[in-house]
Amino acid sequence: MRITLYAVGNKMPSWVTEGFNEYCRRFPRDMSFHLVEIPPGKRGKNADIARILEKEGELTLAAIPKGNRIVTLEVEGKPWTTPQLAQQLERWHHDSRDVALLVGGPEGLAPACIQASEQKWSLSPLTLPHPMVRIVVAESLYRAWSINNNHPYHRE
């Protein structure tokens with residue numbers, strides 16, 4: 001199974017890239033984790049946010065291969081504990097489809113992305129900085145994998 005995080009935004013600080021890559025490299029070959037950055041629209045003083053959001057949504061959905069399970073990360077989504085995420089990871093693995101995790105830009109995800117999702121996942125009731133979300137998702141998924149595989153990374 002391949003899990004890909006589709007995130008609106010680029011030009012992340014080095015600590016974000018390093019943190020994300022640290023967890024990505026830990027995943028085994030049979031459950032790889034990747035990042036696809038979606039270029040954000042230009043936001044200026046008089047920017048048409050609805051149009052920018054729509055374009056980001058189009059770019060995001062176009063980047064996802066057909067047949068992927070789409071999971072959006074949203075404040076209004078379902079919060080999962082670490083053991084629940086481990087169970088989700090198992091379900092996704094048994095589903096035999098690749099997983100596309102979607103993270104929006106400053107204004108969130110486009111309505112088209114939310115409509116295309118099969119599941120909505122909330123990391124927190126807080127709005128987290130988008131760069132931080134990349135690392136939190138990578139670490140959370142790696143921890144869930146470690147639970148499912150009796151790896152010593154996760155100790156309760």
Side-chain angles (χ1 to χ4, degrees), residues 1-44 47-80 84-124 126-145 148:
M1 175 175 68
R2 179 183 175 102
I3 302 172
T4 306
L5 180 67
Y6 295 85
V8 173
N10 50 16
K11 300 178 185 166
M12 293 293 127
S14 62
W15 64 269
V16 173
T17 304
E18 289 168 19
F20 184 84
N21 288 339
E22 173 62 28
Y23 289 104
C24 280
R25 74 171 183 75
R26 295 181 185 196
F27 280 85
R29 290 179 193 221
D30 67 332
M31 189 175 288
S32 60
F33 189 55
H34 306 274
L35 171 68
V36 172
E37 292 184 324
I38 305 299
K42 291 206 181 229
R43 287 159 170 81
D48 183 349
I49 299 301
R51 206 165 105 217
I52 290 170
L53 207 55
E54 183 181 339
K55 181 65 175 170
E56 290 172 351
E58 289 170 4
L59 291 171
T60 300
L61 293 173
I64 301 169
K66 295 260 186 275
N68 275 218
R69 169 185 294 276
I70 297 176
V71 180
T72 52
L73 280 89
E74 307 176 52
V75 171
E76 298 83 20
K78 182 172 172 121
W80 294 324
Q84 288 171 330
L85 179 57
Q87 290 171 345
Q88 280 297 324
L89 200 57
E90 276 297 303
R91 285 187 203 112
W92 294 342
H93 189 70
H94 292 303
D95 185 41
S96 299
R97 291 188 291 162
D98 290 337
V99 177
L101 302 173
L102 279 52
V103 176
E107 291 82 23
L109 286 162
C113 291
I114 293 168
Q115 219 170 16
S117 72
E118 292 182 42
Q119 289 178 287
K120 294 169 177 50
W121 175 21
S122 174
L123 294 177
S124 168
L126 300 172
T127 300
L128 299 173
H130 291 87
M132 183 91 54
V133 167
R134 295 177 184 204
I135 298 171
V136 171
V137 167
E139 192 282 336
S140 298
L141 289 171
Y142 180 71
R143 183 175 298 277
W145 173 86
N148 292 341

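The residues of the chain are indexed from 1 along the displayed sequence. Treat the numbers as computed from the prediction; the structure is a model and nothing was measured.
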For this session: To the nearest 0.5 angstrom, please state how far the CH2 atom of W145 sits from the CE atom of M31.
Result: 9.0 Å
For this session: State whether the side chain of S117 and the backbone N or O of I114 hold a donor-acceptor pair below 3.5 Å, judged by distance alone.
Result: yes
Atom pairs and distances, side-chain donor-acceptor, residues 98-112, under 3.5 Å, sequence neighbours left out:
unit_1, atom_1, unit_2, atom_2, d
D98, OD1, R2, N, 2.9
E107, OE1, R43, NE, 2.8
E107, OE1, R43, NH2, 2.7
E107, OE2, R43, NE, 3.4

Exercise. Can you find a pair of side-chain heavy atoms, one from L141 and one from F27, that are under 4.5 Å apart?
Worked result: yes
Exercise. Would you call the rings of F20 and F33 parallel, tilted or perpendicular if under 30° counts as parallel and over 60° as perpendicular?
Worked result: tilted
Exercise. Under 3.5 Å, is there a donor-acceptor pair between the side chain of N21 and the main chain of T17?
Worked result: yes
Exercise. Step by step, would you call E139 with R134 a salt bridge (charged side-chain N to carboxylate O under 4.0 Å, His left out)?
Worked result: CA-CA 9 Å; E139 192 282 336; R134 295 177 184 204; over 6 Å; no
Problem set entry | Electrostatic pair R51-E56, nearest N-O below 4.0 angstrom | no
Problem set entry | Close side-chain approach of M1 and W92, heavy atoms under 4.5 Å | yes
For this session: Check the angle between the aromatic planes of Y142 and Y23 and answer parallel, tilted or perpendicular using the 30° and 60° thresholds.
Result: tilted
Problem set entry | Minimum side-chain heavy-atom gap I70-Q119 below 4.5 Å | no
For this session: Could you tell me whether the side chain of S122 and the main chain of S124 form a donor-acceptor pair under 3.5 Å?
Result: yes
Seminar exercise, completed: Heavy-atom closest pair (E118 atom, N68 atom, distance to 0.1 Å) is OE2-O, 4.1 Å
For this session: Would you mind reporting whether E37 and M12 have side-chain heavy atoms less than 4.5 Å apart?
Result: yes
